[in-house]
Amino acid sequence: MIVRELELDLDAFEGPFDLLLTLVLREELELADVDVAGIVVAFVERLEERGELDLEACGEFLVLVAALLELKARALFPDEEAELGELEPEEAAEELARRLAEYRRMKEAAAVLAERLEQEGDRFFRLGPAPLAPRPERRLAPQEPELLAAALRALAAEPPAVSLAHIERRFPPVRRFVDRFRALLAGRRRFSFDAEVGELSRVEQAVAFLALLELRKANEIALEQAAPFAPIQVSRQEIRRKRESDEAWTARSA
Amino acid sequence: MDRPLRLISTNPLDRLARTLEALLVVAGQPLTPEDLAVAADDDLERVETALGLLSERYREGRSGIVLERVAGGYAFRAARDAALACERLFERPVQRGLSQAALETLSIVAYLGPCSRPDIARVRGVSADSAVAGLVERGLIGEAGREDGAGGAVRYRTTPLFERVFGLESLSELPRLDDLGDGADEIRDRLHAVADQRTA
Amino acid sequence: MDRPLRLISTNPLDRLARTLEALLVVAGQPLTPEDLAVAADDDLERVETALGLLSERYREGRSGIVLERVAGGYAFRAARDAALACERLFERPVQRGLSQAALETLSIVAYLGPCSRPDIARVRGVSADSAVAGLVERGLIGEAGREDGAGGAVRYRTTPLFERVFGLESLSELPRLDDLGDGADEIRDRLHAVADQRTA
């Protein structure tokens, strides 16, 4: 079975799989419109018709479909890699899945509207006033000139930075905890992680733990734990502390 | 001999119905029973009764003028069997050639309520600027203030014309978002069907 | 007993009359018998006959909808005895405020001097077409020549009605915006800079 010759009959495309790939790569077909699940089902059905398991074809197909899916995901969220990059892989995957589901629902809603338009296409009505109807005068109460000044001032105001607030609320940035732990360790040699994050939400605790790993990776801290699930003790790395204290001394003596 | 007829024609409810006909034929958009009651200077209950009479008189198959319930009110339109004749005479600037992008944008605005171009782009994954501009021009969506009060991005919502074009009594007539499955079930079913065939 | 009635209801002339009703209720302007004949794909003489039927059905005292013959052709209008109700329908309460879009557009035209729709759209970050059309309709702004002579975009300026509504003797009485810049040009530059940032 030759995967590239797989015949597809999708909403957005009809023809062999390799033509679809070509069109997508030439950007002549919007990948966002391609129903990848439909391709998978077509492949499985074809496989079933043949009645034997063609491992080589399965392998090739998996590689192609995985690539297609990745391209599609990236195309759907072009500017948000940075935003998603802030998240842990699992969280990012969850966020992507959530948005894909939302997009998919909207596409279905659009299909419902299209169908409705088709059904209601034979309803003609008048747009605008009747031919011989009176033209009403729309009177306006006296207005304050200050309203105009306020409107223009608002247009001249710096726009709020593109808000990622809803993401941040759920997933505070790792950076915040990195800074916080550094500040803590500038004041004392060690602290108890559990005591420090005890009052935070689970998500925040998870992100705080990521910050710990980050600091450990950079060799800024040492982690100790007496036993699994025992409180985690965080302390400054000795070498680093020494250098910092030297600098501090110099600074103070100057 | 013509007594009974005369009686009917001076029946106050019939008079009210005539007044409502007049109001509906000059109105540029659907009128609610409340609008009609105020204009006719009559009470709501009687207006509702008269509307019932008119709905019967102006219905498909009986009259070329049809009274329909749409966009939260009542409006006259052409009977469906005159659609071909209407097409020969009238342009349809609103619904003609709505693109897939426009329909998706329209769904997002209809379902998510007032939202900005960045909101729409976030769901669609591509810029919504030209789709939004096209829908505003057709009068299917309109501005609804700005995000964060002043200064933010302009937000849009669907217009009564949207409901009219799509023949909706109100937005609540759209299928619930929860009922628009993500299609996963259907795909799973098809795959199961294949699997069952295999073991059979 | 109901034979004659049944005959009438399936009479082709009645069908034609229904089609004409439909066309007339959709039309935004009077339709000539010729227009109607083309749309109904029927011959002019039959259309005239059907119009005669309809004039009888839709006449004063009999129906709230009246078929009127005017200079440009035929059109439906409201019956005279519903005139008071129609007046109440069209009598709009004095509007208390302007929409955000209207206010923004008006402030741009008032402070920056005559501007075209593209100018306004650039500052607002969204199309100004419907806001401009609305303000022109209410007489708050009016056309003031074209950009770069004949071929350019139409520019708009505020009207004397605008000054009356805002209680201004002249535009020089507008509240000062020194905090935004020195003079219209500087304010315009600043607005453009912010708008570019907003759409970025």
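Order of the sequence lines fixes the chain letters, A, B, ..., with proteins taken first and strands second; residue numbering starts at 1 for each chain.
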* Asked: Which atom pair, heavy atoms only, marks the closest approach of B:Val25 to C:Ala78?
  -> CG1-N, 4.1 Å
* Asked: Does a sphere of radius 6.0 Å around CG in C:Asp182 hold more than 12 heavy atoms from other residues, nucleotides or ligands, not counting ones at 6.0 Å or beyond?
  -> no
* Asked: Can you say whether C:Ala131 sits under 4.5 Å from chain B via the side chain, the backbone, both, or neither, judging by heavy atoms?
  -> neither
* Do you know the tightest heavy-atom contact between B:Glu143 and C:Val126? -> OE2-CG2, 3.6 Å
* To do: First locate atom CD of B:Glu137, then atom OG of C:Ser127, and finally report the distance between them rounded to the nearest 0.5 Å.
  => 7.5 Å
* Shortest non-hydrogen separation from B:Leu89 to C:Leu23 and the atoms involved -> CD2-CD2, 4.1 Å
* Asked: Heavy-atom distance under 4.5 Å to chain B: side chain of C:Arg124, backbone, both or neither?
  -> both
* Non-hydrogen atoms of chain B under 4.5 Å away: do they reach the side chain of C:Asp41, the backbone, both or neither? -> both
* Structure fact -> One should read off an interatomic distance between B:Phe76 CZ and C:Glu21 CD, to the nearest 0.5 angstrom, of 10.0 Å
* **Exceeds 12 heavy-atom contacts within 6.0 angstrom, atom CD of C:Glu56** => yes
* Asked: In terms of heavy-atom proximity below 4.5 Å to chain C, should B:Leu31 be classed as side chain, backbone, both, or neither?
  -> side chain
* Asked: Which atoms form the tightest heavy-atom contact between B:Ala79 and C:Ala22, and what is the distance?
  -> N-CB, 4.1 Å
* Asked: How far does CZ of C:Arg88 sit from CG of B:Asp35, to the nearest 0.5 angstrom?
  -> 13.5 Å
* Count the heavy atoms belonging to other residues, nucleotides or ligands that lie under 6.0 Å from CZ of B:Arg155, then report whether that count exceeds 12. => yes
* Asked: If you tally heavy-atom pairs under 4.5 Å against chain C, which of B:Gly142, B:Ser63, B:Cys86 wins?
  -> B:Ser63
* Structure fact -> Contact list (residues 94-113 of chain B to chain C, heavy-atom gap under 4.5 Å, by number) returns none
* Asked: Most heavy-atom pairs under 4.5 angstrom with chain C, which of B:Val136, B:Asp42, B:Val154, B:Ile65?
  -> B:Ile65
* Asked: Under 3.5 Å, is there a donor-acceptor pair between the side chain of B:Arg18 and the main chain of C:Gly64?
  -> no
* Asked: Crowded around B:Gln29 CD? As in, over 12 foreign heavy atoms under 6.0 Å?
  -> no
* Asked: Does atom CZ of B:Arg59 have more than 12 heavy-atom neighbours, drawn from other residues, nucleotides or ligands, at distances under 6.0 Å?
  -> yes
